[in-house]
Amino acid sequence: MEAGDANLHQTDDDGDKSDEEEKEDRATQSLLNKLIRSNVVNNTNQVEVLQRDPNSPLYSVKTFEELRLKPQLLKGVYEMGFNRPSKIQENALPMMLAEPPQNLIAQSQSGTGKTAAFVLAMLSHVDPGLKWPQCLCISPTYELALQTGKVIEQMGKFYPEVKLAYAVRGHKMERGVKIKEQIVIGTPGTVLDWCVKLKLIDPKKIKVFVLDEADVMIATQGHQDQSIRIQRMLPKGCQMLLFSATFEDSVWKFAERVVPDPNIIKLKREEETLDTIKQYYVLCNSKEDKFNALCNIYGAITIAQAMIFCHTRKTANWLAGQLSKEGHQVALLSGEMVVEQRAAVIERFRDGKEKVLITTNVCARGIDVEQVSVVINFDLPLDKDGNPDNETYLHRIGRTGRFGKRGLAVNMVDSQRSMEILKTYERHFNKKIGRLDTDDLDEIE
Ligand code: ADP
């Protein structure tokens, strides 16, 4: 590692993070994944369903027609390009649309169709003839609320009688002016204000309550209490729905407080594996040496799309500059960029406009760019104490289930220490990492 890197450690994005920053990251990751995702995530795992009443029949649907949706909603669904329900929707939709309404806690990784499901449920339960809020959805951040709002608008495109209001910061309202929109989406603080202080919403008239991204929600100071206060104002028969991408104990405890007598649906994340990845290492002496090695294999790696991971922003910037000087067109994803800029970079890369994406670990964490088949660890992944980080190594280069294409990973090793770390990865995953001679590339071609 270059000398400067050690000094950078505390201030760079790989340095220690306060809890608050960590939390903000989760919201950012979630938003980025929404912005870049064009398709529902495939998953081969079985959906686990736990019914509140185990004796009632378990319904699942394979088509949207079976749900007997209002024609204008079915049209909206098809207009969005959905042909059939996603895995989680097969079970969740019949439950959410059942009469009498049923409560639901659903967990599955981001991109599996949760938002689309509850949006459809809200739109189905609204009575457009009644001019007051009937569905209330809370999201952890302003940006996430807007994203969900967009889905409501898209899916309700052919149902213009149903209107949507945004209870988010900046949307100033006067006290006592009753809201006529049937669906309200917002962040917990503003929603609480609208219900209690400003009395714009009568919580007693809410029929469907949705709490989205519960894991991100509880990571933000105060949101948990605000959510519970909102929930307590709702009438007894109100349908409560809670969604989360992950399910730690804390999320679970929160979910049980917010959703009484729930049905529970879980879809496990597809496991990542190194089985379909060819792993190599290249021996180098310095950062410059690594750069030269990278140039030697550049032709071979850019047959496909490649992602290059660096430990610090500084290295990532330097490398992007060097490669550009060589005339290569590369994209750089950096922690300095605002979310929209990052999303734009990822989107261009996803669309194949750039073949190489350089990034730091923190910046790319939690983002799935599925078609990447070459990963270069310009620096090996390390945890914040500088020790091997098996989970990150796997997440960087691993592929999920049978959807994974074959992949190639090249690790740049430039010191005794990094060699030791490489050996730890080799042992941990029990998969050989072969030496690559960058002057003789027959191996990888
Ligand atoms: P989640 O809320 O679990 O993150 P979303 O509902 O946002 O997932 O769905 C992820 C992506 O998949 C979105 O682009 C959405 O439009 C799309 N999508 C959702 N359901 C379907 C479906 N049944 N068929 C095709 N695409 C879908």
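Order of listing sets the numbers, starting from 1, for every ligand and every atom in it. For this chain, numbers begin at 1 and follow the sequence in order.
Proximity to Arg84 (heavy-atom distance under 4.0 Å) selects the following atoms of ligand 1: 22 (C), 23 (N), 24 (N). Shown in contact with Ala116 at under 4.0 Å from a heavy atom are these atoms of ligand 1, numbered in order with element: 6 (O), 19 (C), 20 (N). Each of the atoms 1 (P), 3 (O), 8 (O) of ligand 1 lies under 4.0 Å from some heavy atom of Thr112. Listed by number with element, the atoms of ligand 1 under 4.0 angstrom from any heavy atom of Ser86 are 23 (N).
A donor-acceptor contact closer than 3.5 angstrom links the side chains of Glu272 and His395. A side-chain donor from one of Glu248 and Thr246 sits under 3.5 Å from a side-chain acceptor of the other. A side-chain donor-acceptor contact under 3.5 Å links Glu270 and Thr44. Using modelled atom types and a 3.5 Å distance limit, the side chains of Tyr281 and Asn377 yield no donor-acceptor pair.
Phe82 CD1, 3.4 Å is the protein heavy atom nearest to atom 25 (C) of ligand 1. Protein heavy atom in closest approach to atom 4 (O) of ligand 1: Gly111 N, 2.6 Å. Closest to atom 20 (N) of ligand 1, if we only count protein heavy atoms, is Gln89 NE2, 3.0 Å. Of the protein's heavy atoms, Gly113 N, 2.9 Å lies nearest to atom 8 (O) of ligand 1. Protein heavy atom at the shortest distance from atom 2 (O) of ligand 1 is Thr115 OG1, 2.5 Å.
At a threshold of 4.5 Å between non-hydrogen side-chain atoms, the residues Gln89 and Phe64 count as touching.
Taking only nitrogen or oxygen atoms, main chain and side chain alike, Asn83 does not reach within less than 3.5 Å of ligand 1.
Seen from the ring of Tyr142, Arg169 counts as a face-on cation partner, given the 6.0 Å and 45° thresholds.
At a distance under 4.0 Å, no protein heavy atom can be found next to atom 13 (C) of ligand 1.
Residue Phe64 places a heavy atom less than 4.0 Å from ligand 1.
Using a cutoff of 4.0 Å between basic side-chain nitrogens and carboxylate oxygens, Lys34 and Glu213 are scored as salt-bridged.
Applying the 6.0 Å contact sphere to NZ of Lys253 captures no more than 12 heavy atoms from other residues, nucleotides or ligands.
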